[in-house]
Amino acid sequence: MAESPAFLSAKDEGSFAYLTIKDRTPQILTKVIDTLHRHKSEFFEKHGEEGIEAEKKAISLLSKLRNELQTDKPITPLVDKCVDTHLWNQYLEYQRSLLNEGDGEPRWFFSPWLFVECYMYRRIHEAIMQSPPIHDFDVFKESKDENFFESQDSIAALCTHLLQLKPVKDLREEQIQDEFFKLLQISLWGNRCDLSLSGGESSSQKADIIHCLQDLTPFILINDTESLWALLSKLKKTVETPVVRVDIVLDNSGFELITDLVFADFLFSSELATEIHFHGKSIPWFVSDVTVRDFNWIVERMKSSNLESMSTCGACWEAYARMGRWVYHDHAFWTLPHPYCVMPQVAPDLYAELQKAHLVLFKGDLNYRKLMGDRKWKFTFPFHQALSGFHPAPLCSIRTLKCELQVGLQPGQAEQLTASDPQWLTTGRYGILQFDGPL
Ligand SMILES: O=P(O)(O)OC[C@H]1O[C@](O)(CO)[C@@H](O)[C@@H]1O
Ligand SMILES: [Mn+2]
């Protein structure tokens, strides 16, 4: 087999990876420090002097981290004692073993981008963990919640739309198919709202997404929705599969999570799936990613909304969870730096869990990077092969493009895009629904 291409890395000056490490990550760290400052009196009220000391400690650890990053210091082992600490340090050792250039130390502007960027978020977590009693403070919570509040109108419109479709069982097959396509696209465009691309600044959904869909279709570069529909509608008709399980590997909280829950609700109500399993992060991650706290907070907020469409949806979602038809999981693997092709070795329990699904949906850009190993594949390279053996179940990546990585395009497609929109890979304007698996 031919050798795999190189990893994306900040060593490529001018690349998106380089600009992320040079500009975006220090900006995110500064914002985190500022958030801690702003919560000083809250820490004091809760924990007295100890709270103030903890805030100071976390800030000093984070300033040190920012300095290490900006001066391209070697990546150092983690010192906390969490469930994943040894796996991180093992991976750092592995990165070290790959180097025979320079001083043999992995660095911010030299090592694989995926590794150093994940490491930064893990170090933020470490700084907070080492600062009791504020060790469970989520430095990104505020911006995630803001994104939810700022998207209220779009959320309400989306919930109204969903409720109008119910009871979904009464819809004709073509209508169900049409809505399946629509709601999946809404979940795709929901991925435009991540907060790490904008450096933590507001990136909410203000327009009524349902009525924008038609205008957005030319921006879908790969659309395998037909395959997803074929798979799920066939399973629905197969008596031998009374249980159809769809897993959604979540990405961002706020508006994106709502689009995922609305889609999940539709899958469930239309009986295209009888069980939905959600996978979230166990620590705050890439600014806006969903943790169990965010998940529960959003369902709770929806339930207690004064807008009926939202409260009705919130109540349904809570009921699905209570019935055990919606299941939320988290696993430390999702916040490790490893590409997904090593999941069977590093997290065999998670791989076995995904194997139980009839379909796994991977939301967002970071998931795509991990699926692809964050390597510089040719734009026309087949998706199936770039997955490098990761095939737990039929799967689909649903992401807007926010890094210089894309496979499975038609010959000439990338060149055409570059000519018409040189930034096509990184602005989140374009999207894909890319499927892999037998039908
Ligand atoms: O929330 P998403 O879609 O995974 O995007 C996360 C962002 O983080 C990155 O992976 C790196 O900063 C980008 O490629 C993307 O902008
Ligand atoms: Mn994200």
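Every number for a ligand or one of its atoms is a count from 1 in the order of the listing.
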| Does Lys141 count as lying over the ring of Trp297, i.e. NZ or CZ under 6.0 Å from the six-ring centre, within 45 degrees of the axis? | yes

| message | Please check if the number of heavy atoms outside Tyr94 that lie under 6.0 Å from its OH is greater than 12. | response | no

| So, is Thr20 polar-close to ligand 1, with some N/O to N/O distance under 3.5 Å? | no

| Structural part of Trp113 in contact with ligand 1, heavy atom criterion under 4.0 angstrom | side chain

| request: Would you check if the Mn ion (ligand 2) lies under 2.8 Å from any N, O or S atom of Asp365? | output: no

| query | Which atoms of ligand 1 have any heavy atom of Asp251 under 4.0 Å away? | reply | 1 (O), 2 (P), 3 (O), 4 (O)

| request: Using distance alone, decide if ligand 1 has a nitrogen or oxygen within less than 3.5 Å of any nitrogen or oxygen in Asn191. | output: yes

| said: As an exercise, identify every atom of ligand 1 less than 4.0 angstrom from a heavy atom of Asp365. | reply: 2 (P), 3 (O), 4 (O), 5 (O), 10 (O), 13 (C), 14 (O), 15 (C)

| field | Heavy-atom gap Arg24 to ligand 1 smaller than 4.0 Å | value | yes

| message | Under 3.5 Å, is there a donor on one side chain and an acceptor on the other for Tyr430 and Gln406? | response | no

| message | In this structure, does ligand 1 have an atom that sits under 4.0 Å from one of the heavy atoms of Tyr368? | response | no

| task | Output the atom name for the N/O/S atom of Asp251 with the smallest distance to the Mn ion (ligand 2). | result | OD1

| query | Does the gap between the ring centers of Tyr91 and Tyr119 come in under 6.0 Å? | reply | no

| note | So the angle subtended at the Mn ion (ligand 2) by Asp289 atom OD1 and Asn252 atom OD1, rounded to 10 degrees, is 80°

| Does any donor atom in the side chain of Thr400 or Arg429 lie under 3.5 Å from an acceptor atom in the other side chain? | no

| query | Looking at the rings of Phe255 and Phe148, which for Trp means the six-membered one, are their centres under 6.0 Å apart? | reply | no

| What atoms of ligand 1 come within less than 4.0 Å of a heavy atom belonging to Glu117? | 11 (C), 12 (O)

| When only distance counts, is Cys403 in polar contact with ligand 1, meaning an N/O pair under 3.5 Å? | no

| field | Polar contact flag for Arg369 and ligand 1 (N/O pairs, less than 3.5 Å) | value | yes

| said: Could you tell me, atom by atom, which parts of ligand 1 come under 4.0 Å of a heavy atom of Asn252? | reply: 1 (O)

| query | Is the NZ or CZ atom of Arg375 both under 6.0 Å from the centre of the six-membered ring of Phe7 and within 45° of that ring's axis? | reply | yes

| said: Would you call the rings of Phe295 and Tyr328 parallel, tilted or perpendicular, taking 30° and 60° as the class edges? | reply: tilted

| task | Please confirm whether Arg369 makes a cation-pi placement over Trp113, using NZ or CZ under 6.0 Å from the six-membered ring centre and within 45° of the ring normal. | result | yes

